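Start at 1 and go down the list; that is how both ligands and their atoms are numbered. Note that the coordinates shown come from a computational prediction; the quantities given were computed from them, not determined experimentally. Residues take their numbers from the sequence shown, with the count starting at 1.
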Amino acid sequence: MSDKGNGVMDATKVIRPGGTIGVLGGGQLGRMLALSGRAMGYRFVTLDPTPDSPCGQVADRQITADYHDVEAARALAEESDVITYEFENVDADVTELLMAESYVPQGSKLLYTTQHRLREKRAIEAAGVKVAPYAEINSAAELHEAVTRFGTPCVLKTATGGYDGKGQWVIRSLDEVEEAYETLSRAKTELVLEQFIHFEKELSVIAARSPRGEVKTFPAAENIHVNNILHLSIVPARTSEHIQQEAERLAMQIAESMGVIGLIAVELFLTEEGELFVNELAPRPHNSGHYTMEACKTSQFEQHVRAICNLPLGSTELLTPVVMGNVLGQHVEPLLDWIVQPESEQQADGVTAKVHLYGKHEAKHNRKMGHVNVLAGSVDEALQWIEASNIWKTNE
Ligand code: AMP
């Protein structure tokens, strides 16, 4: 075992620039983390099964192996002064090994909680924050009873493994109970039924907390999904100051109550009555925080590096209104056509569009390939620019 072992969080330990950050997962979140951390003088090693991964392309080194490969995790531990992850479904064995042989200030508890919807909801409630009414479901009869109690529509979800709307069934009538139960219970995980929230908007707030106990939140984003995939993040969110501050306060409360180290993304539903319910958490950089890259004094990626290395957190002040548009596989061609145009034809007055591409080899339909941060004098101007652009004409 190396002398870095016993990976539990240490409030006084600081990882200085020059140290090596190990990233479990080589996707776009790891890539942007490495780009940001390298600018600060850190070195990066990533573990990912796909050679030349988005993060591997910009890291000092990639270990190409399966995420469950304990030997590969051991190699990552050996090379790293601190380890983080860019996805939450990290194997418990791997987390344990990394905790024993390296320094993982984020710990394993946060992963354990956020990997499972029921545990996550209980932790949010324990922080004094509301979630949509829910019930644990262990049989079709229990589902029938809960659907009767909540009324339709309601949403049945698998407790583990779902993302971007996968592992979910919106139950619109009692007739669907059998089929919904049958289908989702094939996933061999517990199920949870949620009351359907007729939300007016979906918001998210990213909070950062460091071992020394400093907490900061980024401005709330208003998120628009298409086919359950994030399409736009609008900042400032088009809602009252009061709601924005309340959303940020709730995120801070969750970060503190759960003892988060690093980033936590908090997704919320806002109802017409001005109530906020947390939908879910992600203990990592989040797609709805990409707007921070040009629009805030500190990006979410720099903030994550600062938090896990125990540097003082950076200012989260918003510098400009911004709309982030996700670039999926079907948007790449029109984006590339746009990007080679003369500048005069690219930008409208007062609008600057900053393009980020993730270096993925294959532009598959609905695959996240990049994003564009549209900076403007107001979010309406940024939205008009997006509306007029050819990039997102194909959203199906
Ligand atoms: P999730 O995978 O839990 O983030 O859900 C994906 C999307 O489904 C959310 O962004 C919402 O648009 C919708 N959704 C999930 N749960 C509910 C709910 N309880 N009420 C209304 N809409 C929901």
Side-chain angles (χ1 to χ4, degrees), residues 29 87-89 113-125 129-137 143 146-173 176-177 180-181 183-184 187 189-206 220-235 237-239 247 250-251 254 263-291 324-326 328 366-368 395:
L29 300 176
F87 62 96
E88 52 263 58
N89 288 320
T113 306
T114 54
Q115 278 170 355
H116 192 283
R117 285 190 194 274
L118 284 165
R119 293 200 286 262
E120 181 174 279
K121 286 179 194 301
R122 289 178 196 130
I124 296 165
E125 289 178 310
V129 178
K130 278 190 281 186
V131 294
Y134 66 96
E136 182 180 339
I137 302 296
L143 181 60
V147 173
T148 311
R149 186 152 43 95
F150 289 157
T152 52
C154 46
V155 193
L156 185 66
K157 299 182 181 179
T158 55
T160 59
Y163 66 95
D164 287 346
K166 296 189 175 74
Q168 295 196 16
W169 187 299
V170 178
I171 299 179
R172 301 196 181 275
S173 91
E176 290 175 36
V177 162
Y181 182 79
T183 307
L184 291 203
T189 163
E190 285 155 290
L191 300 180
V192 49
L193 185 74
E194 291 176 17
Q195 193 168 347
F196 195 89
I197 303 296
H198 294 278
F199 56 80
E200 189 192 78
K201 285 186 191 309
E202 292 190 82
L203 304 178
S204 61
V205 175
I206 293 165
E222 171 186 345
N223 299 319
I224 300 196
H225 294 88
V226 173
N227 299 328
N228 274 320
I229 301 170
L230 184 65
H231 172 42
L232 302 176
S233 288
I234 302 166
V235 188
R238 294 169 300 172
T239 178
L250 297 178
I254 288 171
L263 298 184
I264 184 116
V266 180
E267 295 183 38
L268 307 113
F269 297 135
L270 169 66
T271 66
E272 256 173 33
E273 295 75 36
E275 262 193 303
L276 287 164
F277 295 96
V278 171
N279 174 30
E280 61 179 1
L281 307 176
R284 52 170 171 77
H286 194 257
N287 194 169
S288 70
H290 292 354
Y291 80 85
M324 188 276 325
N326 256 346
L328 305 180
N366 278 353
R367 186 178 196 200
K368 290 175 184 172
N395 236 337

Which heavy atom of T152 sits nearest to which heavy atom of V147, and what is that distance? CG2-CG1, 3.8 Å

Could you tell me which atoms of ligand 1, counted from 1 in the order shown, lie closer than 4.0 angstrom to a heavy atom of R117? 2 (O), 3 (O)

Near E202, which atoms of ligand 1 are under 4.0 Å from a heavy atom of that residue? 9 (C), 10 (O), 11 (C), 12 (O)

Ion pair check, K121 and E136, cut-off under 4.0 Å: no

I'd like to check which ligand 1 atoms, numbered from 1 as shown, lie under 4.0 Å from a non-hydrogen atom of I197. 18 (C), 20 (N), 21 (C)

Which ligand 1 atoms are under 4.0 Å away from a heavy-atom of K157? 3 (O), 15 (C), 16 (N)

Which atoms from ligand 1 have a heavy atom of N228 less than 4.0 Å away? 6 (C), 7 (C), 8 (O)

Heavy-atom distances under 4.0 Å are what count here, so tell me which part of Q168 touches ligand 1: side chain, backbone, both or neither. side chain

Does F277 have a heavy atom less than 4.0 Å from any atom of ligand 1? no

Residues two or more places apart in sequence or in another chain: which of them pass side-chain hydrogen bond (donor to acceptor under 3.5 Å, both in side chains) with E202? H225

Just checking, any donor-acceptor pair under 3.5 angstrom between side chains of N326 and N287? yes

Looking only at heavy atoms, which two atoms of I137 and A146 are closest? And how far apart? CD1-CB, 3.9 Å

Ligand 1 contact by H198, heavy-atom criterion under 4.0 angstrom: no

For L268, which of I197, N223, N279, L276 qualifies under side chain to side chain contact (heavy atoms under 4.5 Å, CB included)? L276

Give the atoms of ligand 1, by number and element, whose distance to some non-hydrogen atom of F199 is under 4.0 Å. 12 (O), 21 (C), 22 (N)

Which heavy atom of L193 sits nearest a heavy atom of C154, and at what distance? CD1-SG, 3.8 Å

